[in-house]
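Below you'll find the structure, written out as structure tokens, and then a few comments.
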Number of protein chains: 2
Amino acid sequence: MERQDLRKAGLKITLPRLKVLEILENSKQRHLSAEDVYKALLEMGEEIGLATVYRVLTQFEGAGLVSRLNIDGGHAVFELDDGDHHDHLFCVNCNRIIEFYDEVIEQRQRAIAESNGFEMTDHSLYIYGVCNREECKKER
Amino acid sequence: MERQDLRKAGLKITLPRLKVLEILENSKQRHLSAEDVYKALLEMGEEIGLATVYRVLTQFEGAGLVSRLNIDGGHAVFELDDGDHHDHLFCVNCNRIIEFYDEVIEQRQRAIAESNGFEMTDHSLYIYGVCNREECKKER
DNA sequence: GCTGTAAATGATAAGGCTTTTCATTTAGTA
DNA sequence: TACTAAATGAAAAGCCTTATCATTTACAGC
Ligand SMILES: [Mn+2]
Ligand SMILES: [Mn+2]
Ligand SMILES: [Zn+2]
Ligand SMILES: [Zn+2]
């Protein structure tokens, strides 16, 4: 992700924006809440407001640089948008997230929208379950 | 839906619970927010607290009488659970909701969960789009 | 039918996450 | 370097939902 991407989106190249990008790119976890990003910045010694983190993430989403997941229970997580759509599998025990893409499902969704006269704009698919970690299987 | 269903769930048969059930069964719209149920009750002249509506809906969900949808943007809607699972298509313009069931998608989901070592507990699939009403197509 | 007791209710406060407000600072141009 | 619009941060406000707790109610047992 480059400075140019910010420019194209009509966004000034500011320190907070660069820092948020840096976190998104370098964090070991790919899916981060606004709070996660905020905490990571504080740990880096950056002085940034939580409101700015929310604003920047929302702007990045609008610019197509980031995508937002709305998890059951209300809070959102963000990830860099590399242009390749995918869906998610959540472990309800340890919150691990696995990404997947299934062309059959994608096609069926398009067909369902069309057969109901809908112009599909988006879709969201989350599969919830218990992953194969020992401590998670134990819980089940 | 019968009083017996409440009994089986270990819930006393109270006026607020019966009234909420009545709204869910008789409303012209099948999918209702807690606020919708609350307003419908007020219009019927029932004196009921919003907190009670939330509590009752959550209890009904736990008892399997009602299912909860988490729509993008954070607020939940409820519908009677007749035992038949289905997913939803939302018009982003007029908020119309269409229900569908697709066995191929259901199977693929199970396969994806399994191939990732997950014991699937649930899934949620929402398709968003613009429906075929004139005023909605115009917006697009 | 009464009574007693645990469950349920309602008003209100509190929570969690996110957005808004607005005075101050900053980026980017001239 | 100076100017101006955009961006920021702290704090308040919003929105939906849940928790608290004093009061009321359902219903089992007399
Ligand atoms: Mn992802
Ligand atoms: Mn439905
Ligand atoms: Zn797990
Ligand atoms: Zn529509």
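Naming convention: chains lettered A, B, ... in sequence-line order (proteins, then strands); numbering from 1 in each chain.
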Please determine, by modelled atom types, if B:R68 and B:T58 share a side-chain donor-acceptor pair under 3.5 angstrom.
-> yes
Do NZ/NE/NH1/NH2 and the carboxylate oxygens of A:K19 and A:E22 come within less than 4.0 Å?
-> yes
Which part of the nucleic acid does B:A76 contact within heavy-atom distance under 4.0 Å: base, sugar-phosphate only, or nothing?
-> sugar-phosphate
Could you tell me whether the phosphate oxygens of C:dT19, OP1 or OP2, come under 4.0 Å of any side-chain nitrogen or oxygen in A:Y54?
-> no
Base versus backbone protein contacts along nucleotides 25-30 of chain C [heavy-atom cut-off under 4.0 Å; B, S, -] | --BS--
Ion pair present between A:E134 and A:K137, side-chain N to carboxylate O less than 4.0 angstrom?
-> yes
B:L42 CG to C:dG10 P: how many Å, rounded?
-> 11 Å
Could you tell me whether A:R17 contacts a base, only the sugar-phosphate backbone, or nothing, with contacts defined as non-hydrogen atoms closer than 4.0 Å?
-> sugar-phosphate
Rounded to the Å, how far apart are B:I48 CD1 and C:dT12 P?
-> 16 Å
Tell me, with the steps shown, if B:V130 and A:M120 meet side chain to side chain contact (heavy atoms under 4.5 Å, CB included).
-> CA-CA 6 Å; B:V130 181; A:M120 182 166 79; over 6 Å; no
On DNA chain D, check which nucleotide each of A:Y38 and B:R68 is closest to and give me the residue with the more 5' one.
-> A:Y38
A:R110/A:E103 ion pair, N-O < 4.0 Å = yes
Heavy-atom pair of closest approach, residues A:A34 and A:L50 | O-CD1, 4.3 Å
Between A:Y101 and A:H85, how do the two ring planes meet: parallel, tilted or perpendicular, split at 30° and 60°?
-> perpendicular
Between B:H31 and B:H88, how do the two ring planes meet: parallel, tilted or perpendicular, split at 30° and 60°?
-> perpendicular
Nearest whole angstrom, please: distance from the P of C:dG16 to the CG of A:L50.
-> 14 Å
List the atom of B:T121, the atom of A:V92, and the distance in Å for their closest heavy-atom pair.
-> OG1-CG1, 4.1 Å
Determine the contact category for A:E47: base if any of its heavy atoms lies under 4.0 Å from a base atom, sugar-phosphate if only primed atoms, P, OP1 or OP2 are that close, otherwise nothing.
-> sugar-phosphate
Roughly, in whole Å, what's the span from CD in A:Q59 to P in C:dT19?
-> 11 Å
Taking 5' to 3' order, which nucleotide of DNA chain D is first and which is last to have an atom within less than 4.0 Å of a heavy atom in chain B?
-> D:dC16 to D:dC27
